[in-house]
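One structure is given here, and the rest of the page talks about it.
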Amino acid sequence: QVQLAESGGGLVQAGDSLRLSCAASGRTSRFYTIGWFRQAPGKEREFVVRISGSGRSTYYTDSVKGRFTISRYNAKNMVYLQMNSLQPEAAAVYYCAAGNSFSANPADYIYWGQGTQVTVST
């Protein structure tokens, strides 16, 4: 079993930045793809970004390109999501997830964290 735990969410003003963390424990593997997803009230869960097990490949949804950056530090079983220039439409619960495929589909991810709330005020 793998456990994932997100942290770093909070309330920010539009234009501010946050760094989210995803800590993995249990039977972790550097081979897992890690994805970040978000879900706003009344909306479907949305893919944000993913990173390959090695950290050498990343893929971002268009709406966050140039503003969000994913990284991983496998020796510490940590994945980070740096979010800059946050806008109200980015407000959501953010989840990290681990899976065996380099995929944007939530169904391809096996393990999920509990989520961390990001709120953006204007």
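As a basis for the values below, the full set of heavy atoms in this structure was taken, side chains included, without hydrogen atoms, waters or symmetry mates.
At least one side-chain heavy atom of F37 sits less than 4.5 Å from a side-chain heavy atom of W112. By the 4.5 Å heavy-atom criterion applied to side chains, S17 and Q82 are counted as neighbours. T69 places none of its side-chain heavy atoms less than 4.5 Å from the side chain of L81. Residues F68 and L86 have side chains in contact (heavy-atom distance under 4.5 Å, counting atoms from C-beta outward). Between T58 and Y60 the shortest side-chain heavy-atom distance falls below 4.5 Å. Considering only heavy atoms from C-beta on, N100 stays 4.5 Å or farther from T33 through its side chain.
For S21 against W36, the heavy-atom pair with the smallest separation is O-CH2, 3.7 Å. Across all non-hydrogen atoms, the minimal contact from Q13 to S121 is NE2-OG, 2.8 Å. When all heavy atoms of A92 and R38 are compared, the pair lying nearest together is CB-CB, 3.7 Å. Considering all non-hydrogen atoms of both residues, L4 and A98 come closest at CD1-N, 3.7 Å. The minimum heavy-atom distance between D108 and S103, with the atom names listed, is OD2-OG, 2.6 Å. Across every non-hydrogen atom of G9 and T116, the tightest pair is N-OG1, 3.1 Å.
Cluster annotation: I51 and Y59 are assigned to distinct hydrophobic clusters (Ile/Leu/Val/Met/Phe/Trp/Tyr, side-chain heavy-atom contacts under 4.5 Å, transitive). Neither Y95 nor I34 shares a network with the other; the hydrophobic side chains, linked directly or stepwise wherever heavy atoms of I, L, V, M, F, W or Y lie under 4.5 Å apart, form separate groups for each. Hydrophobic clustering keeps Y32 apart from Y109 (ILVMFWY residues linked when any side-chain heavy atoms are closer than 4.5 Å, directly or through intermediates). Follow the hydrophobic side-chain contacts under 4.5 Å out from V79 and you reach L18 in the same cluster. The cluster map of Ile, Leu, Val, Met, Phe, Trp and Tyr, joined by side-chain heavy atoms under 4.5 Å apart, puts F47 and I70 in different clusters.
Rounded to the nearest 0.5 angstrom, M83 CE and R67 CZ are separated by 10.0 Å. Here CZ of R72 is found 9.0 Å from SG of C22. Values are rounded to the nearest 0.5 Å.
Judged by distance alone, with hydrogens and angles left aside, the side-chain atoms of T61 form no donor-acceptor pair with the main-chain N or O of V48 at under 3.5 Å. D16 places no side-chain N or O within donor-acceptor distance of the main-chain N or O of S85, the cut-off being under 3.5 Å. When atom types are taken as modelled, the side chain of Q114 and the backbone of E6 share a donor-acceptor pair closer than 3.5 angstrom.
Seen from the ring of F102, R50 counts as a face-on cation partner, given the 6.0 Å and 45° thresholds.
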Quiz item: Going through the checks in order, is the side-chain contact (heavy atoms from CB on, under 4.5 Å) test met by Q87 and V120?
Solution: CA-CA 6 Å; Q87 300 300 310; V120 184; 5.6 Å; no
Practice problem: Step by step, work out the side-chain contact (heavy atoms from CB on, under 4.5 Å) result for Y111 and Q1. | Solution: CA-CA 8 Å; Y111 305 104; Q1 295 291 313; 4.1 Å; yes
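For R30, the CZ atom is loosely surrounded, since the number of other residues' heavy atoms within 6.0 Å does not exceed 12. Atom CD of E89 has more than 12 heavy atoms from other residues, nucleotides or ligands within 6.0 Å.
Residues M78, Y80 make up the rest of the hydrophobic cluster containing Y73, defined by ILVMFWY side-chain heavy atoms closer than 4.5 Å, directly or through other members.
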